[in-house]
Engineer: 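Quick one: the structure is below, questions incoming.
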Amino acid sequence: MPIKGGDLARAYWAFDRAIGGQRPPTRSQMFSARRPLVVWLVAGIFLWGPFILVFDGDVLLALGVGMLLGGWFGLIARFERARQRRLVRLGVWDGIHAHSVGETRAMGKQRIYGENLRPLCEVLAYFAEHDFGDSEWEVVEAALSGTDIERDAWYSHRLTGRRTFTVRIAAVPDSTDAFVEICGELGGRGKFLMGGVVHVLSRYRVS
C-alpha cells in the first residue's frame, strides 16, 4: 500500500510531539527566534577564535569557516521561529510568556481516567482564566499518543490567562488511563480544591 503525504505529515508531527516540539519555548529560545541574524553573528564570531588556532593564524579562513558554521546556528534559530509561530496557531502558546524550566509543581503525579482529561484541563483553565476550546483539546488529544508513563515520555500543555499553569500528561500503556501532573502557583486553597477535583477524576468517570 503506497504511503500518502498526509501519513508522512502525521508521522512527522507525532515524532515532533514525542521529542517536545509542542513545548512552549524558554526565554533563550524566544530570544534566538526573534533575532536569528544576531545568533548567526555571535556564533560566527565566537567560533572564529578557535579556528584561528586550527588554521595556524589564517584570520580570513578562520573567519569564513566561523561565519559558515554560525550560519547553521542562525538557520536553527529560523526553524525555532517557525515552530513558535505554529504553537501560537495551534493555541498551545500565547506567544508572550516564556516557559519556565523550573516551574513549581502544584500537584504531584496522579492517575485518572482518560476520558476525564478534558474535564481536568477545563477546570484548570478556569483557575487560570484561560479560554480552553475544542481546537486546543484536539492538540492535547493528538499529543497523548506520543506519551508513555513507562518510558517517562510526557506531554506538557500550558494554560495561560491571568494565571499560568502547565498540565503534564503521560498515557498508561494498554489502558485508557493517564497520569497527570500540574505545575504552577495554586496557593493553599487552590491546592485543596484542585486536589479534590483530581481525586474525583481518578475515581469516577465524568460524563
Side-chain angles (χ1 to χ4, degrees), residues 1-26 29 33 76 79-95 97 99-101 103 105-128 130-161 164-184 194 197-207:
M1 184 176 178
I3 299 175
K4 298 179 181 178
D7 295 331
L8 290 174
R10 282 190 291 273
Y12 171 79
W13 291 121
F15 174 74
D16 179 69
R17 288 191 298 271
I19 62 173
Q22 289 191 354
R23 186 173 300 160
T26 61
Q29 288 173 320
I76 292 173
F79 279 121
E80 176 61 24
R81 175 188 287 184
R83 184 187 79 89
Q84 292 178 20
R85 287 176 174 170
R86 183 172 184 273
L87 293 183
V88 173
R89 287 198 306 272
L90 292 173
V92 177
W93 180 49
D94 61 1
H97 299 91
H99 174 67
S100 174
V101 176
E103 282 184 307
R105 182 180 296 172
M107 189 167 299
K109 220 166 31 175
Q110 298 282 345
R111 182 169 178 162
I112 67 172
Y113 290 112
E115 54 263 51
N116 291 344
L117 273 174
R118 179 162 186 172
L120 173 66
C121 290
E122 291 183 351
V123 170
L124 196 57
Y126 176 80
F127 276 92
H130 170 87
D131 184 19
F132 186 88
D134 291 341
S135 60
E136 193 167 358
W137 166 244
E138 288 172 3
V139 172
V140 176
E141 193 174 34
L144 189 60
S145 62
T147 66
D148 187 329
I149 187 65
E150 292 182 356
R151 293 188 291 107
D152 198 30
W154 293 74
Y155 168 68
S156 297
H157 191 84
R158 194 177 180 89
L159 301 164
T160 300
T164 298
F165 299 105
T166 299
V167 56
R168 301 180 69 236
I169 306 167
V172 178
D174 302 318
S175 171
T176 59
D177 294 359
F179 276 89
V180 296
E181 189 176 74
I182 298 169
C183 297
M194 201 65 209
V197 169
V198 173
H199 176 73
V200 170
L201 297 180
S202 68
R203 293 177 63 88
Y204 305 98
R205 288 180 167 87
V206 177
S207 59

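Quick note: numbers below take in every heavy atom, side chains included, and nothing from hydrogens, waters or symmetry partners.
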Engineer: Apply the side chain to side chain donor-acceptor pair (under 3.5 Å) test between Q84 and each candidate in R81, E80, R86; give the one that qualifies.
Structural biologist: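 Going through R81, E80, R86 one by one, the side chain to side chain donor-acceptor pair (under 3.5 Å) with Q84 is satisfied by E80 alone.
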
Engineer: Are R168 and Y155 side-chain neighbours, meaning at least one heavy-atom pair lies under 4.5 Å?
Structural biologist: no

Engineer: Side chains of I149 and P173, heavy atoms from C-beta outward: is any pair under 4.5 Å?
Structural biologist: yes

Engineer: Please tell me if the side chains of Y113 and T176 come closer than 4.5 Å, counting only heavy atoms from C-beta onward.
Structural biologist: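 Y113 vs T176: side chains apart.
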
Engineer: Any sub-3.5 Å donor-acceptor pair from Q29's side-chain atoms to T26's backbone N or O?
Structural biologist: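 Flag set: sc Q29 to bb T26 pair under 3.5 Å.
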
Engineer: Do any N or O atoms from the side chain of H130 and from the backbone of T160 form a donor-acceptor pair under 3.5 angstrom?
Structural biologist: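 Checking the backbone N and O of T160 against the side chain of H130, a donor-acceptor pair under 3.5 Å is found.
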
Engineer: Taking all non-hydrogen atoms of both residues into account, name the closest pair between A170 and D148 and its distance.
Structural biologist: CB-C, 4.3 Å

Engineer: I'd like to know if the side chain of S145 and the backbone of A142 have a donor-acceptor N/O pair within less than 3.5 Å.
Structural biologist: yes

Engineer: Work out which heavy atom in I169 is nearest to a heavy atom in A178; give both atom names and the distance.
Structural biologist: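 So the two residues come closest at CG2-CB, 4.2 Å.
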
Engineer: How many angstroms lie between CD in E122 and CD in E136, if you round to the nearest 0.5 Å?
Structural biologist: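 E122 atom CD to E136 atom CD measures 10.0 Å (nearest 0.5 Å).
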
Engineer: Please examine the side chains of F132 and Y126, heavy atoms only from C-beta on, and report whether any two atoms are closer than 4.5 Å.
Structural biologist: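 When only atoms from C-beta onward are counted, F132 and Y126 do not touch, as no gap falls below 4.5 Å.
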
Engineer: Please name the pair of heavy atoms, one in G133 and one in R118, separated by the smallest distance, quoted to 0.1 Å.
Structural biologist: C-NH2, 3.9 Å

Engineer: Taking the side chain as C-beta and beyond, is there a heavy-atom pair between E115 and V206 under 4.5 Å?
Structural biologist: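 With C-beta onward as the side chain, the pair stays apart.
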
Engineer: Is the CZ atom of R203 crowded by more than 12 outside heavy atoms at less than 6.0 Å?
Structural biologist: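 For R203, atom CZ is not crowded (no more than 12 foreign heavy atoms under 6.0 Å).
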
Engineer: Can you sort out the partners of R111 under side-chain hydrogen bond (donor to acceptor under 3.5 Å, both in side chains), two or more places apart, ordered by chain and number?
Structural biologist: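 With sequence neighbours excluded, R111 shows a side-chain hydrogen bond (donor to acceptor under 3.5 Å, both in side chains) to D177, given in chain and number order.
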
Engineer: Should E181 and K109 count as an ion pair when the cut-off is N to O under 4.0 Å?
Structural biologist: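 Between K109 and E181 there is no salt bridge, as every charged N stays at least 4.0 Å from the carboxylate O atoms.
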
Engineer: Is it true that a side-chain atom of T166 and a backbone atom of C183 form a donor plus acceptor pair closer than 3.5 Å?
Structural biologist: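 Not at all, since once roles are kept as given, no pair shorter than 3.5 Å links the two residues.
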
Engineer: Flag the pair V139 / W137 as yes when at least one side-chain heavy-atom distance between them is below 4.5 Å, and no otherwise.
Structural biologist: no

Engineer: How close do C121 and L159 get, counting heavy atoms only, and between which atoms?
Structural biologist: O-CD1, 3.9 Å

Engineer: Just by distance, with hydrogens left out, do H199 and Q110 show a side-chain donor and acceptor under 3.5 Å apart?
Structural biologist: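 No, no side-chain donor-acceptor pair sits under 3.5 Å.
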
Engineer: Pick out which of V123, N116, V180, L117 makes a side-chain contact (heavy atoms from CB on, under 4.5 Å) with L201.
Structural biologist: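 Among V123, N116, V180, L117, the one meeting side-chain contact (heavy atoms from CB on, under 4.5 Å) with L201 is N116.
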
Engineer: Nearest 0.5 Å, please: how far is CH2 in W154 from OG1 in T147?
Structural biologist: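 It is 9.0 Å, given to the nearest 0.5 Å.
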
